[in-house]
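Written out below as C-alpha cells is the structure these notes cover.
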Amino acid sequence: MMSKSTILLVDAGVVIEAFRVGAWDVLVSRYNIALSDAIVGESIFYKDDEEKRYDIDLSGYVDSGKIQVISVSVADVYKFRDGIGATVFERIDFGEMTLLYHLFEHISDEMLIASGDGVVYRILGKHAKSEKGVSLEKLLIEIGHPTSKLKQQFTQKFKDVNCRKGFDDFCV
C-alpha cells in the first residue's frame, strides 16, 4: 500500500476521470497529490455518462494545501524533451511532459506518476522506470473504491501494456 508520504504526480486525464467516477475527494484524502500548473489549467470539466458537463474547480484544493502545484520552466521541459526524443514529444501534451520532467529530475522511491495516456507509460518503460507508473485503477483498489466505471486507459492492464511497449521499442 502506498503511503501518504509518496508524492503522486497526476495528469489531467486522471483528475478528470477521478471526478467523473466520484473518487477525487477520496484520492486527495488518501494520497499526497501533486499537479503541475499546466495540469491545473487543463483540468476544467468532465462529462458524466449522459454527457452532462460539470466544471472542475481545483482552487479550493490548492488554496487549502490539499494538493500541491509544481511549476516547471518551459526551458527545462524542452531540454528534457530533447533528451527523450522529439517524436515522443509530438504525441504528449505539455502538462504530462512537465510531470515526467519532475519525476525524472527528482527521482525518488517516494514519487509515482498516474496517467491516462499510453505515451507516459511508454516513456517510463523505455527508460526502465515502469515501477514509477501507477494506474488509477490500482489507486482506487487500494482505497476500496469501485473501479467498474473506469475507462480502459485508466486500468492496470493499459499501464502494463504500454510500459512493456516502451521497453520493447527501446530494446529493438
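Small disclaimer: the values here were computed from a predicted structure and weren't measured.
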Close side-chain approach of [X] and [Y], heavy atoms under 4.5 Å:
{"X": "Tyr31", "Y": "Ile7", "result": "no"}
{"X": "Val77", "Y": "Val74", "result": "no"}
{"X": "Lys129", "Y": "Phe104", "result": "yes"}
{"X": "Leu136", "Y": "Leu140", "result": "yes"}
{"X": "Met111", "Y": "Thr6", "result": "no"}
{"X": "Leu124", "Y": "Leu103", "result": "yes"}

Would you name the heavy atoms of [X] and [Y] that are closest together and state the gap between them?
{"X": "Gly95", "Y": "Ser36", "answer": "O-OG, 3.8 Å"}
{"X": "Ser115", "Y": "Glu96", "answer": "OG-OE2, 3.8 Å"}
{"X": "Val14", "Y": "Phe154", "answer": "N-CE2, 3.8 Å"}
{"X": "Leu8", "Y": "Ala114", "answer": "CD1-CB, 4.2 Å"}
{"X": "Val21", "Y": "His145", "answer": "O-CE1, 3.3 Å"}
{"X": "Ile92", "Y": "Met97", "answer": "CG2-CE, 3.3 Å"}

For the hydrophobic clusters of this structure (ILVMFWY residues joined by side-chain heavy atoms under 4.5 Å, transitively), does one cluster hold both [X] and [Y]?
{"X": "Val10", "Y": "Ile143", "result": "yes"}
{"X": "Ile39", "Y": "Tyr78", "result": "yes"}
{"X": "Ile141", "Y": "Val26", "result": "no"}

Point-to-point distance, once rounded to the nearest 0.5 Å, from [atom1] of [X] to [atom2] of [Y]:
{"X": "Lys132", "Y": "Leu9", "atom1": "NZ", "atom2": "CG", "answer": "9.5 Å"}
{"X": "Ser73", "Y": "Phe80", "atom1": "OG", "atom2": "CZ", "answer": "13.0 Å"}
{"X": "Lys157", "Y": "Ser135", "atom1": "NZ", "atom2": "OG", "answer": "13.0 Å"}
{"X": "Ile56", "Y": "Ser43", "atom1": "CD1", "atom2": "OG", "answer": "6.0 Å"}
{"X": "Leu99", "Y": "Leu112", "atom1": "CG", "atom2": "CG", "answer": "12.5 Å"}
{"X": "Cys163", "Y": "Arg122", "atom1": "SG", "atom2": "CZ", "answer": "10.0 Å"}

Could you tell me whether a side-chain N or O of [X] sits under 3.5 Å from a main-chain N or O of [Y], the two making a donor and an acceptor?
{"X": "Glu137", "Y": "Gln156", "value": "yes"}
{"X": "Lys165", "Y": "Tyr121", "value": "no"}
{"X": "Asp48", "Y": "Glu51", "value": "yes"}
{"X": "Asn162", "Y": "Phe158", "value": "yes"}
{"X": "His106", "Y": "His102", "value": "yes"}

Ring geometry between Trp24 and Phe19 (parallel below 30°, tilted from 30 to 60°, perpendicular above 60°): parallel
Lys47 charged N/C atom sitting above Tyr54 aromatic ring, 6.0 Å / 45°: no
Steps toward side chain to side chain contact (heavy atoms under 4.5 Å, CB included) verdict (Asp37, Ile70): CA-CA 6 Å; Asp37 43 10; Ile70 53 175; over 6 Å; no
CG (Asp63) with more than 12 external heavy atoms under 6.0 Å: yes
Matching residue for Ile113 among Leu100, Asp11, Ile123 - test: side-chain contact (heavy atoms from CB on, under 4.5 Å): Leu100
Test: Arg20 and Asp49 ion pair at under 4.0 Å: yes
Test item: side-chain donor near acceptor, Ser59 and Asp57, under 3.5 Å: yes
Gln68 versus Asn32, side-chain donor and acceptor atoms under 3.5 Å: yes
Worked verdict on Asp117 versus Gln153 for side chain to side chain contact (heavy atoms under 4.5 Å, CB included): CA-CA 7 Å; Asp117 193 336; Gln153 70 263 32; over 6 Å; no
